[in-house]
Amino acid sequence: MIIIPGPTAIELGKEVSNLIENSKIIEVLYKQFPDGEDYIQIQGNVENDNVLVIQTTFPEQDKCLMQLFLMLEAISEMNPKSISIVIPYFAYSRQDKRFKPGEALSAKVISTTIKTLAGNLLDKVITFDIHSEIILDFFEGKAKNISAMELFGHYFKKLNVKNVFCLAPDKTATPRAEKIARILDCEYSYLEKIRDLTTGEVTTKVKDLNVGNKNVIIADDIISTGGTMIKAIKMLKSQGANDIYVCATHALLIGDSKSNIFKAGAKEIIGTNTIQNEYSKVSIASLIAKEFNNIP
Ligand code: R5P
């Protein structure tokens, strides 16, 4: 199998290649023209090979997506046997439906473009903790979402966090908290959150969680502005929680979110390498390798 890590996944690509037998990396030459336009060249031959493209799409979403589109266009003209694509963080996944009339369905635009560029060569698309699994349907049976939550469970097990409680900061994140709780053999619950569709302002309903003196892990798919986590941290602190760990597969951590999360009372932020930053403490490489290890 040929692995082609895009400009945003060079380290992850190497890690994955080390875990997939008989795999070989082909590099990508990426340049930006003086006016900001992107240039991509695949640096090797992929004829008759199964190709795995890895490209995460943050930051900056639009640049990363353009790089992915250019890679797919180039590869599909080089006669590979098949193309699989791992998109660790799938940008625009929160615009998975038209919340208001006239809105663009961004996730569909991205999915349709990827599908069109890879054409009949498309074998699999893999995403991680995608915000909405509705998006997988745009790939007509070829897409699969993998959860990184078990990796967090093992991270906390190794950390030996005791007297622990898992919390989903909104109802849709409940299965995420449950996955971690199963590994740590602890209780879990969820909060109810309402987001104003115009201002983005988050309101979280107060809920009695019985977390006095407990160490709490809050688990979500994305931390963006940190608003969701901060609301949950404040509620937990007001109910006497002890140490609070916030974990999210995709720790985008926009603006002052990091310092605001710590100011609110979090002990630690834990993310994965779907977004490479100082909080990428857990690697998804083994989960990618598991998915592709039997492909020649
Ligand atoms: C939305 O429902 C997601 O699951 C996250 O909770 C959300 O994207 C986090 O965004 P923020 O950090 O801006 O509150």
TODO: Pick out which of Ile275, Asn277, Val282 makes a side chain to side chain contact (heavy atoms under 4.5 Å, CB included) with Tyr279.
DONE: Asn277
Open item on the list: With a 4.0 Å cut-off on N to O distance, would you call Glu47 and Lys81 a salt bridge?
Closed with: no
TODO: List the steps and the verdict of side chain to side chain contact (heavy atoms under 4.5 Å, CB included) for Glu291 and Lys144.
DONE: CA-CA 10 Å; Glu291 203 55 42; Lys144 174 177 171 185; 2.9 Å; yes
Open item on the list: Within the 3.5 Å criterion, strictly below it, is a donor on Lys162 or Asn160 matched to an acceptor on the partner's side chain?
Closed with: yes
Open item on the list: Taking the basic N atoms (NZ, or NE/NH1/NH2) and the acidic carboxylate oxygens, is any pair closer than 4.0 Å for Lys142 and Asp123?
Closed with: no
Task: pair Ile126-Asn145: side-chain heavy atoms closer than 4.5 Å - done: no
Open item on the list: Using a 6.0 Å distance limit plus a 45 degree cone around the ring axis, check whether Lys214 lies over the aromatic ring of Phe165.
Closed with: no
TODO: Quick one: do Lys258 and Glu278 satisfy side chain to side chain contact (heavy atoms under 4.5 Å, CB included)? Show the steps, please.
DONE: CA-CA 11 Å; Lys258 300 171 221 177; Glu278 63 195 290; 3.6 Å; yes
Open item on the list: Could you go through Asn273 and Ser280, starting from their C-alpha distance and side-chain angles, then the distance that decides it, and tell me whether this counts as side chain to side chain donor-acceptor pair (under 3.5 Å)?
Closed with: CA-CA 5 Å; Asn273 53 352; Ser280 320; over 6 Å; no
- [ ] May I ask you to check whether Tyr245 and Phe156 place their ring centers less than 6.0 Å from one another?
- [x] yes
- [ ] Could you give me the CA-CA distance, side-chain angles and deciding distance for Lys234 and Ile230, then say whether side chain to side chain contact (heavy atoms under 4.5 Å, CB included) is met?
- [x] CA-CA 6 Å; Lys234 287 186 175 162; Ile230 290 166; 3.8 Å; yes
Open item on the list: Tell me whether the count of non-hydrogen atoms from other residues, nucleotides or ligands lying under 6.0 Å of CD in Glu187 goes above 12.
Closed with: no
Open item on the list: Can you confirm whether Ile217 sits close enough to Leu184 that some side-chain heavy atom of one is under 4.5 Å from a side-chain heavy atom of the other?
Closed with: yes
TODO: Take Lys193 and Thr228 through the test side chain to side chain donor-acceptor pair (under 3.5 Å) and record every step on the way to the result.
DONE: CA-CA 8 Å; Lys193 172 179 108 176; Thr228 303; 3.0 Å; yes
Open item on the list: Strictly below 4.0 Å, N to O, side chains only: are Glu60 and Lys63 in salt-bridge contact?
Closed with: no
Task: CA sep, side-chain torsions, deciding dist, call: Gln55, Gln67, side chain to side chain donor-acceptor pair (under 3.5 Å) - done: CA-CA 8 Å; Gln55 169 83 340; Gln67 291 166 348; 2.9 Å; yes
Please tabulate, for the side chains in residues 146-154, all donor-acceptor contacts under 3.5 angstrom to protein atoms that are two or more places apart in sequence or on a different chain.
from: Ser147; atom 1: OG; to: Asp129; atom 2: OD1; distance (Å): 3.2
from: Ser147; atom 1: OG; to: Met149; atom 2: N; distance (Å): 3.1

Counting only pairs under 3.5 Å, give me each side-chain donor-acceptor contact of residues 201-209, with atom names and distances, residues two or more places apart or in other chains.
from: Lys207; atom 1: NZ; to: Ser189; atom 2: OG; distance (Å): 3.2
from: Lys207; atom 1: NZ; to: Tyr190; atom 2: O; distance (Å): 2.7

- [ ] Start with the C-alpha gap between Ile222 and Arg94, add the side-chain angles, then the distance that decides, and say whether side chain to side chain contact (heavy atoms under 4.5 Å, CB included) holds.
- [x] CA-CA 10 Å; Ile222 301 171; Arg94 285 171 288 179; 3.7 Å; yes
TODO: Using only heavy-atom distances, determine whether the side chains of Thr249 and Thr274 contain a donor-acceptor pair under 3.5 Å.
DONE: no
Task: pair Ile130-Tyr89: side-chain heavy atoms closer than 4.5 Å - done: no
Task: Val46 side chain near Ile4 side chain, heavy-atom distance below 4.5 Å - done: yes
Task: Hydrophobic cluster identity match, Ile87 and Leu105, side-chain contacts under 4.5 Å - done: yes
Open item on the list: Looking at Asn18, I want to see if its CG is surrounded by more than 12 non-hydrogen atoms of other residues, nucleotides or ligands under 6.0 Å.
Closed with: yes
Open item on the list: Any non-hydrogen side-chain atom of Val86 less than 4.5 Å from a side-chain atom of Pro88?
Closed with: yes
Open item on the list: How about NZ on Lys281, more than 12 heavy atoms from neighbouring residues, nucleotides or ligands closer than 6.0 Å, or not?
Closed with: yes
- [ ] Decide, yes or no, whether a salt bridge links Glu103 with Lys97 under the criterion of side-chain N to carboxylate O below 4.0 Å.
- [x] no
Task: Ring-face cation contact, Phe292 with Lys124, 6.0 Å cut, 45° max - done: yes
Task: Within one Ile-Leu-Val-Met-Phe-Trp-Tyr cluster: Met229 and Met235, side-chain cutoff 4.5 Å - done: yes
